[in-house]
Amino acid sequence: MTETNPAAAAAEHPDAQDSAAPGREIPGAPSSVPPPVAEPVEPGAPVPPKPDQRGPQTYSPTGQKTGIAQKEVAQGGDRLTTAQGTRLYDTDHSLKAGPRGPSLLQDHHLREKITHFDHERIPERAVHARGAAAHGVFQGYGTARGICKAAFLGEGVRTPVFVRFSTVLGSRGSADTVRDTRGFATKFYTDQGVFDLVGNNIPVFFIQDAVKFPDIVHAAKPHPDREIPQAQSAHDTFWDFVSLHTEATHHTLWNMSDRGIPRSFRMMEGFGIHTFRLVNAEGASTLVKFHWKPRLGVHSQVWEEAQLTAGMDPDFHRRDLADAIEAGALPQWELGVQTFPDTEDQTFAGIDLLDPTKIVPEELAPVKPIGLMTLDKNPSNYFAETEQVAFHPGNLVPGIDVTNDPLLQGRLFSYLDTQISRLGGPNFPQLPINRTHTPVNDMLRDGMHQTAVHRGVAPYRPNSLDGGCPFTAGADAGAYIEFPEPLAATAKVRDAAATFDDHFSQARLFWLSMTPTEREHIIAAYTFELAKCREPAIRERVVGTLANIDGELCGQVAAGLGLPAARPAAALDDPDPSPALSQLGRRWPVDGRTIGIVIAEGQDLSGVRTVRQAILEAGMVPLVIAARAGTRDADGDPVAVQRTFATARSIEFDAILVAGAPAPASDAYGARDAKADDELARAGVDSRVLLLLTEAYRHGKALGAWADGADALEAVGIATDSPGVVAGDQAAPVLERVKELLGGHRVWDRFTPSV
Ligand code: HEM
């Protein structure tokens with residue numbers, strides 16, 4: 001894919017003048033304008049937004065530019081007022097009948113403040129409630145010009161975007177690293193109106209028709225009686241549904257693969273899933289599937305790591321996205337399309353393009369790049385932007401049209417409908433994050449939370465009182481005109497095409513395309529989830545389904561559950577594998593990766609300083625781990641400690657460097673810190689460090705050691721010649737080798753697969 005310098009892309013952004021591009025910093029560093037320790041007694045300037053933050057564009061509800069810099073929109077005045085702008089002299093005491101008397105109904109400020117607080121929460125999304133988002137820019141390559149007239153895909157055209165990633169099942173406060181599909185929704189603020197690409201990180205869906213959406217969601221959400229388990233599919237109702245409704249088999253297999261537990265939002269592919277239609281300037285139609293390809297590759301956690309992370313840092317993905325942007329490791333994806341002729345039967349290579357449970361292997365239809373997206377700013381206010389953003393697959397611009405995929409057809413109704421309820425009325429397109437950057441001349445009026453002050457007297461057509469305005473436009477004036485797709489003479493039915501009956505062949509294609517390591521992970525995931533189900537009949541039924549994917553998968557899962565293996569309903573085909581479906585075996589950039597550096601008290605820190613600098617220069621994040629917080633002097637150049645043995649846990653680091661073998665610290669006893677295993681402490685090294693190393697080792701992470709660091713590895717039985725373990729005399733060469741290992745994400749050859 002095309003390489004672009006992220007920092008340069010950020011600097012060229014239309015809003016770059018509003019704030020400096022983020023530099024190479026360790027995320028979470030204090031603000032560059034530190035607040036005073038004592039409470040201020042005189043008004044001063046508010047703390048400015050951080051360089052990595054940008055609010056939504058400042059357009060009026062009717063799409064006019066306000067001319068206000070984005071950084072100015074925050075509430076930054078120096079005097080506290082009521083919502084009506086009246087200055088307040090006290091906000092700490094309610095108005096009372098005397099210092100010990102009852103509060104008075106007359107206290108408008110009290111009632112305004114508490115009433116507003118009472119209504120601060122809005123309903124969370126019915127699905128995809130947990131999410132994180134960022135601003136960015138999309139730059140078209142111009143390569144789609146022959147098939148699509150959308151202006152934002154033109155060569156060099158830069159379009160602001162807002163992207164929200166999400167889990168599907170959990171509620172808004174749930175953990176990030178659960179096993180689930182991830183949403184990948186992009187709002188393009190194009191010059192022709194808003195285009196939303198509302199996709200997932202998995203290219204197929206559980207159901208083929210939107211009418212089944214409430215069924216799959218009710219089955220996958222927590223059980224209705226006790227509302228457990230939260231944010232996961234490891235329970236009876238989910239497996240009950242997917243084993244009975246076998247069109248879910250393909251998507252379920254993807255969820256049980258490493259795709260269900262991403263390492264980072266930055267390391268996920270995105271898919272439009274449905275087949276869409278692109279239309280060119282001549283009116284010709286091409287069918288396409290959209291793909292987002294991450295510059296950093298597709299990478300995952302291991303299951304134990306994901307579970308630990310859910311407890312240790314439930315905000316892991318949210319933090320990772322914000323930290324990477326703050327540190328200048330700007331996430332990038334290339335947008336690409338697979339293209340198919342718009343034939344009468346709308347199939348390609350025998351694959352029904354209207355069936356959202358099917359992919360078209362990239363080996364049959366390569367993904368052609370059409371533009372590059374760079375996320376370069378964090379939101380300034382989670383609620384105003386990430387929570388209130390409203391995506392809708394029906395938000396389309398000229399040149400992009402839908403197909404008759406029955407799942408997509410239902411979505412075209414659902415999003416607008418749900419958002420009226422979630423965002424409290426029909427005027428949510430006027431919220432700053434949802435506003436188009438084009439003039440709005442609709443005839444929609446009034447309603448809850450109307451913020452536009454419309455002029456004119458004739459919000460109807462035809463009229464003469466407003467001079468007939470606004471007039472409709474033709475295609476030549478940029479109107480959105482639906483593609484006149486011919487429809488066959490047919491009858492009204494509740495039915496689907498016969499091709500929709502094939503529920504297993506592509507699940508088998510996916511399984512056969514996995515490496516042995518990936519297959520091990522899939523077997524483990526099914527066995528884990530089904531062992532969590534209580535009903536033996538459900539386990540047995542799923543084992544029966546697995547037999548229709550692959551004998552070995554079925555046999556291994558059945559063995560893990562203490563069940564006999566099942567036989568397939570029909571002989572299994574052996575399709576050609578699609579290597580593009582595997583995540584492993586390539587090398588990828590390491591931007592934004594986190595490297596922990598363990599130091600011992602009183603050791604020579606020159607090597608630590610060298611690697612810390614080299615890690616920053618490589619666009620990664622060094623985090624120094626020591627017995628206690630503060631700084632350590634290294635020849636007058638202090639080294640700051642970011643994590644202590646008590647606060648560090650392996651899940652935070654992609655690789656660990658051990659610069660010394662720290663003796664047990666003063667808090668390393670089990671009564672104070674349960675991680676401080678007294679048994680391990682006998683090795684003479686702080687047992688929290690040993691836990692850090694053993695966990696990182698079994699999660700396949702690269703480990704490096706110099707000076708006394710190798711002693712710490714040996715103390716816990718990790719041989720310095722094991723795969724993915726680097727030991728040497730000098731810090732710099734050790735880091736170089738660890739960096740190479742990180743390019744492959746994890747050291748899988750440390751473990752021998754059984755399949
Ligand atoms: C290919 C299949 C689907 C994909 C890729 C998909 C993707 C998404 C994504 C990414 C979001 C979160 C958007 C955000 O970040 O705000 C979302 C929300 C939602 N989806 Fe879907 N979805 C699919 C199918 C469906 C279907 C079939 C329905 C209903 C018939 C549906 C109803 C909803 C609803 C109600 C929300 C919440 C929207 C809101 O409150 O703003 N989805 N979906």
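Start at 1 and go down the list; that is how both ligands and their atoms are numbered.
- Every heavy atom of G131 sits 4.0 Å or more from the atoms of ligand 1.
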Inset, instruction - Test S513 against S582 for side chain to side chain contact (heavy atoms under 4.5 Å, CB included), laying out the working first. - result: CA-CA 6 Å; S513 306; S582 168; 5.8 Å; no
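- Atom 25 (C) of ligand 1 has as its closest protein heavy atom F213 CE1, 3.5 Å.
- Near G183, meaning under 4.0 Å from one of its heavy atoms, ligand 1 places the atoms 10 (C).
- Salt bridge present: R130 and D315 bring a charged side-chain N and a carboxylate O closer than 4.0 Å.
- With D196 contributing its side chain and N395 its backbone, the two residues share no donor-acceptor pair below 3.5 Å.
- Ligand-side atoms of ligand 1 in range of I273: 1 (C), 5 (C), range being under 4.0 angstrom from any heavy atom.
- The single protein non-hydrogen atom nearest to atom 2 (C) of ligand 1 is F205 CD1, 3.4 Å, given as residue, atom name and distance.
- For V198, heavy-atom contacts with ligand 1 shorter than 4.0 Å involve the backbone as well as the side chain.
- Under 2.8 Å from atom 21 (Fe) of ligand 1 lies an N/O/S atom of Y415, whether from backbone or side chain.
- Aromatic ring pairs are classed by plane angle as parallel below 30°, tilted from 30° to 60° and perpendicular above 60°; the pair F271 and W254 is perpendicular.
- For the pair R179 and W303, the distance from NZ or CZ to the six-membered ring centre is under 6.0 Å and the angle to the ring normal is within 45 degrees.
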Inset, instruction - Determine, step by step, whether N255 and F206 satisfy the side chain to side chain contact (heavy atoms under 4.5 Å, CB included) criterion, reporting the C-alpha distance in whole Å, the side-chain angles of both residues, the deciding distance to 0.1 Å, and the verdict. - result: CA-CA 10 Å; N255 267 26; F206 288 112; 3.7 Å; yes
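- Checking only distances, R164 does come within under 3.5 Å of ligand 1, N or O to N or O.
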